[in-house]
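Data first, discussion second: the structure below is written as structure tokens.
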Amino acid sequence: LMWAYFLLMLSKGLLALFKRDVSGFMRFCDFRMSRAGIFMGIVAYILSSFMDGSRVSLAFENLCAIIIFATFVCGFSLVDFKLRSRVRLSVVRFLIYVVLGTFLMMGIGPVVLVIIGVIDAFGDLRKPKKKINNDNNDNIDE
């Protein structure tokens, strides 16, 4: 998945260099995990724990590992989404990702990103916040 994303971003950069339209490419910060994917991962985990050591159990464990990694990427995507609104320069964001990536790969970091990915799947953490206008009680997007 990471190599596919790297090649996608490389091809997007090359096309943009030659003045081609790259607006159709999906951005990393737009990646989201669906609730159905989370439920499928839970079901796969439960089924694999009931089938001790069989080939079907191994298939469910592999499916669960793939879904966990996709949820991890979704959590990192949410971090990217939030960071894009605060840091405009892509070079600075890249340096922050390198530092964050170094620390997140150690200890509990990947687990935190998986939990963030699950929370993002069930709650929309990317929608704009609304604040209440006290004058006419209308909600206004920030």
Side-chain angles (χ1 to χ4, degrees), residues 1-134 137-142:
L1 185 62
M2 291 176 3
W3 276 108
Y5 176 72
F6 173 74
L7 291 174
L8 178 72
M9 290 298 105
L10 181 65
S11 62
K12 183 179 176 181
L14 287 173
L15 287 173
L17 185 66
F18 291 112
K19 308 287 188 226
R20 302 290 175 117
D21 182 29
V22 292
S23 62
F25 283 87
M26 183 177 169
R27 297 180 318 166
F28 179 69
C29 65
D30 296 332
F31 181 73
R32 295 184 60 126
M33 187 74 174
S34 68
R35 291 179 190 165
I38 300 291
F39 284 126
M40 192 168 62
I42 292 170
V43 169
Y45 177 75
I46 291 170
L47 289 175
S48 70
S49 59
F50 284 124
M51 302 173 190
D52 293 329
S54 69
R55 290 181 188 233
V56 176
S57 171
L58 294 176
F60 282 127
E61 287 176 12
N62 286 331
L63 177 65
C64 195
I66 291 169
I67 291 173
I68 286 173
F69 182 72
T71 309
F72 166 81
V73 171
C74 180
F76 199 74
S77 170
L78 179 67
V79 170
D80 179 51
F81 180 81
K82 295 295 183 179
L83 196 59
R84 279 180 181 271
S85 64
R86 291 180 176 80
V87 180
R88 296 289 177 194
L89 293 173
S90 60
V91 174
V92 175
R93 271 196 324 265
F94 176 74
L95 293 174
I96 291 172
Y97 295 148
V98 169
V99 171
L100 279 176
T102 304
F103 290 115
L104 287 176
M105 294 306 127
M106 296 181 241
I108 199 163
V111 175
V112 170
L113 285 178
V114 168
I115 291 171
I116 289 172
V118 170
I119 291 171
D120 184 42
F122 286 102
D124 191 9
L125 300 178
R126 298 169 198 232
K127 67 181 176 183
K129 293 182 182 178
K130 296 186 181 230
K131 63 181 180 180
I132 297 174
N133 186 355
N134 291 333
N137 293 331
D138 290 336
N139 289 340
I140 300 174
D141 290 338
E142 285 183 338

Are Leu78 and Arg126 packed together at the side-chain level, in the sense that at least one heavy-atom pair is separated by less than 4.5 angstrom? yes

Taking atom CE of Met40 and atom CG of Leu47, what is their separation to the nearest 0.5 Å? 12.0 Å

If you round to the nearest 0.5 Å, how far is CZ of Arg32 from CG of Asp120? 4.5 Å

Going from CZ on Phe60 to OG on Ser54, what distance comes out if it is rounded to the nearest 0.5 angstrom? 9.0 Å

Among Leu113, Ile116, Val114, which residue satisfies the side-chain contact (heavy atoms from CB on, under 4.5 Å) criterion with Phe76? Leu113

Closer than 3.5 angstrom, by distance alone: can the side chain of Arg93 be matched with the main-chain N or O of Arg84 as a donor-acceptor pair? no

Do Phe39 and Phe122 have ring centres separated by under 6.0 Å? yes

So SG of Cys64 and CG of Asn62: to nearest 0.5 Å the spacing works out to 10.0 Å

Taking Ser77 for the side chain and Val73 for the main chain, is one N or O donor matched with an acceptor at less than 3.5 Å? no

Check step by step if side-chain contact (heavy atoms from CB on, under 4.5 Å) holds for Val99 and Leu95. CA-CA 6 Å; Val99 171; Leu95 293 174; 5.8 Å; no

Rounded to the nearest 0.5 Å, how far apart are OG1 of Thr71 and CD1 of Ile38? 3.5 Å

List the atom of Ser48, the atom of Ser57, and the distance in Å for their closest heavy-atom pair. O-OG, 3.1 Å

Going from OH on Tyr45 to CD1 on Ile67, what distance comes out if it is rounded to the nearest 0.5 angstrom? 14.0 Å

